[in-house]
Amino acid sequence: MKQHLSQLLSEALQALKAQGVLPVDTDIAISVERTRDRSHGDFASNLAMVLSKIARRKPRELAEQLIAALPPSGQVRNVEVAGPGFINFFLTTEAYHNAVAQALELGQAYGRSQIGAGQSVQVEFVSANPTGPLHVGHGRGAAYGATVADLLDALGYKTHREYYVNDAGRQMDILATSVYLRYLDLCGVELTFPSNGYKGDYVWDIGASLHRKYGDELKYSAAELFEGVPADAPADGDKEEHIDGLIERSKILLDATRYREVFDLGLDSILENIRRDLEEFGVHYDEWFSERSLADTGAVTRAIERLQQSGYTYEKDGALWFRSTDFGDEKDRVMVRDNGQTTYFASDIAYHMNKMERGYARVIDIWGADHHGYVPRVKAALRALGDDADKLDVLLVQFAVLYRGGEKAQMSTRSGDFVTLRELRQEVGNDAARFFYVMRKCEQHMDFDLDLAKSESSDNPVYYIQYAHARIASVFRQMQEKSLQWDNAAGMENLGRLSEAHEDALLVSIARYPEVVEVAALQHEPHQLAHFLRDLANEFHTYYNAHQFLVEDAALRNARLTLIKAAQQVISNGLNLLGVSAPDSM
RNA sequence: GUCCCGGUAGCUCAGUCGGAUAGAGCAACGGCCUUCUAAGCCGUGGGUCGGGGGUUCGAAUCCCUCCCGGGGCACCA
C-alpha cells in the first residue's frame, strides 16, 4: 500500500514538473507513513513540506497542487491537506476488506513476502565457547538471532544460520584439563582443583564418562601432574600460570593423542548439550562452523598471507601485526604471537574472509555487547582484504539480568554458579522465554523478570496474546455447540456491516501486519512485532468484551466471525515468527 | 583517560532513520462476572522526554557541551 501511494505521489510529482511548478531535476525520496491518529487518515506524506523550499511555495499550497495532480486510485477514498502541509490519504473500506481476504486465503503465508527476492543472508549467532552449558545471557542472543533469521526468511531472503564453534584455544585447554583433573579425582588421586579451572558439575559428569571409557588407564599421581607447576593464586602464586602449567603437564603425561581424546570428549559432550538445548528452544542451525577447521584447511595462513601482500602488516617485538589503525581502529592488532601461535583474531579474520568467499549478499554477526570493541578490527581486516565490509552488519545484544523476587541472579561459567538457559526454560517455559527475550530492543539492557514470565495473568504479555488466540478458537467451539454456522463467503460479502470502532481497529491491524513484519525484519527489530501483537490482542479483548459474535443476525455473525478468524491468523503467524506457540485452549 | 550503548509517567519500556496534542503495560484509585473463558474489559490520576546551548517551518529524535548508569580498550577467547 505504501508503495502504491508513493507511486501515485511520484506521478503527481512528474505532472508538476511538466507544469513547471517544480524544477525538472528535482530528485527526492518520497516518504509515506502510517498516521498515528486515525483522524489524519491512514497514511500521510510530508512531501509538500520537504519540497516547499525548492518550489518556493507554501507547503499547503504545494500540497493542494500535488493532490490535484494525483491519478485516481480505487484504493483511495479521499486525500486532504492537513496541519502544516501533510497530505493525508484515506483508504477505501474495500482496501481493508481485501486485507481480511488475504489473511484468510494465504493463511500461514499472510505477512510473508518476496522483498528479499531470494538474496542470501548469513546469520551467525550465539557462538558461545563450548566450555559449559548455555546460560541465560546466551539465551537472549539465541532468541534474538533465531527471530531475526526467521523474519528475514519471511521476507524471502535465503537465510543461512550458523554457529561458530570455538573449538581451539586456551579456554578449551582449560576445560580439557579441568575434565582430566576431575577424572583423576574419580581414580582416587587426591589433588587440589585449580582456582581458575571450570568447576561446574558438568565437568564432573564428563570426567565420569572419561573414567567409564578408560578406567584407570590415564591415571597419574598428583606428584607427577604437579611437577614443576607454579603455585596457584591462593598459595601466593598466579592462577593463570598455574593452570597453564597444569595444561602443559597434562599434555606431556597423556601425550598428544590421548590428550586430544580427553579434549574432544569435553568438546563433544558440551557441544551436544548446547545443540540439544538450542534445538529444544526452537533455535535451529544450518551449520556448526569449526574454528579448528580454519587452521586445518590453511585458511588462517592464507588470510595472513593475503594481508601481508596487501601491505597492511609489520613485525614488531617478534610478533606479526595488522595495521588496523589504517582503517580507523584504535590500535594495531597482533595476528601471530612471538611464540609463533596465531591469535583468536587471526582465526576471526580467516572466518570472515571465508564468509565473504561464500558469496552472501549480506552477513550478519550477532555478538554480546561486550565484544563491541571488536567490530572495527574485523571490518578493518575485511577492507584490507579488499572485501566489501559494508556487507557485514554486526548486531550487539546487551546482557540480560535475571530477577527473581527483586533479587538479581549471579552468573559466571567458571565458578559453575549460574542459571542455565535450560533451567530458565524449565522454569518459565519456552514460550515466555522466547517472547521476553525479544520484547526489548537488542541494544537495550534487559531486566528479565522471572516472576512475571511465569505468571499466568494478563500482566504477562505472552499469556495475554496467547489467550486472545485461544479465545477466538473458543468462540468457534461455542458456535458449533450452539449449532450455528460460519460461512466465510457470506462473511466477506458482509464485511460492510462492521461499523464499530473496535472492528475498524482490528481491520487496520490486520492490514498493517505485513508492514510490521517487513519493518521488523529489515531493521532487525523483533520487538516491533512483539509490541504489535500485544496491541492486536488488546484490540481483540476489548472487542470481545464489547460485542457478541454469535448473534442471531446471520450476515452480521458471519462478518464478525470472518473478522476474528483473520485476526486469529495474524496472531498465530506473528507468534510463530517469534517462536512462540499459539494454543487453541489454555 | 578514551570509545560504544543507554537516560522518556512511581516501575518496565515503545516512540515507525526531523513531523501533527509524547504512548503502552504494570503499579495506584474507582467500576464491570445468571451473557461466546474475569487468564478479560471500562474509567481516573500521573511527564521540565537527564541538564544547558544550537541547527529550522518543526527536535524525545540531528550537532555541541556537561551530568548519571552499563560495557569495551590483551601477543585471552
Side-chain angles (χ1 to χ4, degrees), chain A residues 31 33-37 39-40 44 46 49-50 52-53 58-59 82-86 88 128-129 131 166 168-174 240 291 316-321 329-331 333-348 368-376 396 398-399 401 403 439-447 449 452 455-461 463-464 466-468 470-479 481-482 484 515-516 519-520 523 525 527-528 530-531 534-535 537-538 540-551 561 564 585-586:
Chain A
S31 154
E33 299 294 339
R34 277 274 172 193
T35 56
R36 269 180 222 178
D37 188 335
S39 68
H40 296 142
N46 62 356
M49 291 182 289
V50 177
S52 82
K53 198 169 270 180
K58 289 177 183 159
F86 287 103
N88 290 343
N129 282 352
T131 52
N166 296 118
R170 182 163 171 268
Q171 293 305 318
M172 286 307 298
D173 278 321
I174 295 176
E240 304 292 349
E291 177 188 357
K316 193 183 85 182
D317 304 331
L320 181 67
W321 296 70
D329 195 10
E330 293 174 345
K331 57 175 301 232
R333 311 289 172 178
V334 170
M335 293 188 296
V336 184
R337 286 182 268 193
D338 55 7
N339 65 8
Q341 286 188 326
T342 56
T343 59
Y344 175 80
F345 178 48
S347 296
D348 231 35
D370 54 331
H371 285 73
H372 78 79
Y374 217 75
V375 181
L396 300 170
Q398 289 287 347
F399 295 115
V401 182
Y403 285 89
M439 214 164 49
R440 309 251 181 278
K441 272 197 302 207
C442 69
E443 65 262 34
Q444 186 73 246
H445 296 258
M446 181 170 68
D447 291 339
D449 186 339
L452 179 60
S455 82
E456 300 190 352
S457 74
S458 59
D459 303 1
N460 185 340
Y463 279 85
Y464 186 81
Q466 289 180 320
Y467 180 40
R471 248 186 171 176
I472 295 169
S474 172
V475 169
F476 280 86
R477 284 194 295 270
Q478 281 293 322
M479 178 190 78
E481 279 177 29
K482 291 184 178 178
L484 293 169
E515 298 166 23
V516 173
V519 172
Q523 301 190 348
E525 293 185 344
H527 77 274
Q528 294 205 30
H531 284 275
R534 215 269 159 208
D535 292 342
N538 174 250
F540 170 75
H541 287 307
T542 303
Y543 182 34
Y544 179 97
N545 267 58
H547 302 284
Q548 282 287 120
F549 307 140
L550 302 175
V551 291
L561 289 174
I564 63 171
S585 66
M586 297 182 68

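Note on naming: letters A, B, ... go to the chains in the order of the sequence lines (proteins, then strands), and numbering restarts at 1 for each one. Values reported hereafter were calculated over all heavy atoms of this structure, with side chains retained and with hydrogens, waters and symmetry mates removed. For clarity, every value in this text was computed on a predicted model and none was experimentally measured.
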Just checking [X]: base, sugar-phosphate only, or nothing, at a heavy-atom cut-off of under 4.0 Å?
| X | value |
| --- | --- |
| A:D317 | base |
| A:H541 | sugar-phosphate |
| A:F476 | nothing |
| A:N129 | sugar-phosphate |
| A:N538 | sugar-phosphate |
| A:A468 | nothing |

query = Any chance the side chains of A:T131 and A:Q171 put a donor and an acceptor closer than 3.5 Å?
reply =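 The criterion, which ignores hydrogens and geometry beyond distance, is not satisfied for A:Q171 and A:T131.
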So, is [X] close to the [N] phosphate, meaning a side-chain N or O under 4.0 Å from OP1 or OP2?
| X | N | result |
| --- | --- | --- |
| A:Q523 | B:C17 | yes |
| A:S347 | B:A77 | no |
| A:Y463 | B:G25 | no |
| A:K331 | B:G72 | no |
| A:Q398 | B:C4 | no |
| A:R36 | B:A20 | yes |
| A:T343 | B:C75 | no |
| A:R471 | B:A38 | yes |
| A:H445 | B:C13 | no |
| A:N46 | B:A20 | no |

What interatomic distance, in whole Å, is found between [atom1] of [M] and the corresponding atom of [N]?
| N | M | atom1 | value |
| --- | --- | --- | --- |
| B:G30 | B:C67 | P | 45 Å |
| B:U2 | B:U48 | C1' | 32 Å |
| B:G19 | B:C33 | P | 45 Å |
| B:G71 | B:A27 | P | 31 Å |
| B:U55 | B:C62 | C1' | 8 Å |
| B:G53 | B:C29 | P | 40 Å |
| B:A60 | B:A14 | C1' | 12 Å |
| B:C41 | B:G6 | C1' | 36 Å |

query = Is there side-chain contact between A:E240 and A:R170, with at least one heavy-atom pair below 4.5 Å?
reply =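 Sidechains of A:R170 and A:E240: in contact.
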key: Contact check, side chains of A:R471 and A:H541, non-hydrogen atoms, under 4.5 Å   =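 Yes, side chains in contact.
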query = How long is the span from the CD atom in A:Q444 to the CE atom in A:M446, to the nearest 0.5 Å?
reply =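 One finds 10.5 Å between CD of A:Q444 and CE of A:M446.
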query = Can you tell me how far OG1 of A:T343 sits from CG of A:L320, rounded to the nearest 0.5 angstrom?
reply =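 If I round to the nearest 0.5 Å, the distance is 9.5 Å.
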request  = Identify which nucleotide among B:C76, B:A14, B:C5 has an atom closest to any side-chain atom of A:R170, counting heavy atoms from C-beta outward.
outcome  =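 Out of B:C76, B:A14, B:C5, the nucleotide with an atom closest to A:R170's side chain is B:C76.
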Which base sits across from [N] as a Watson-Crick or G-U pair, both distances under 3.5 Å?
| N | answer |
| --- | --- |
| B:G1 | B:C73 |
| B:C11 | B:G25 |
| B:C36 | none |

request  = Check whether the side chain of A:N88 and the base of B:A20 form a donor-acceptor pair under 3.5 Å.
outcome  =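 Between B:A20 and A:N88, which were checked side chain against base, a qualifying N/O pair under 3.5 Å is present.
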ask   = Of all residues at least two apart in sequence or in a different chain, which pass the ring pair (Phe, Tyr, Trp, His ring centres under 6.0 Å) check with A:H445?
value =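 Counting only residues at least two positions away or on another chain, A:H445 forms no ring pair (Phe, Tyr, Trp, His ring centres under 6.0 Å).
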request  = Just say parallel, tilted or perpendicular for the rings of A:H371 and A:Y374, cut-offs at 30° and 60°.
outcome  =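 Plane angle over 60°, so perpendicular.
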inquiry  = Would A:H531 count as stacking on B:A24 if stacking means ring centres less than 5.5 angstrom apart and planes tilted under 30 degrees?
reply    =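 The base of B:A24 is not stacked with A:H531 (the test needs centres under 5.5 Å and planes under 30°).
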query = Can A:F86 be classed as stacking with the base of B:A20, given a centroid separation cut-off of 5.5 Å and a plane angle cut-off of 30°?
reply =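 The ring of A:F86 is stacked on B:A20.
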request  = Hey, which sits more toward the 5' end of RNA chain B by its nearest nucleotide, A:R337 or A:R477?
outcome  =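 It is A:R477 whose nearest nucleotide is closer to the 5' end.
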query = Mapping A:Q478 and A:V519 onto RNA chain B by nearest heavy atom, which one lands closer to the 5' end?
reply =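 Whichever sits nearer the 5' end wins; that is A:V519.
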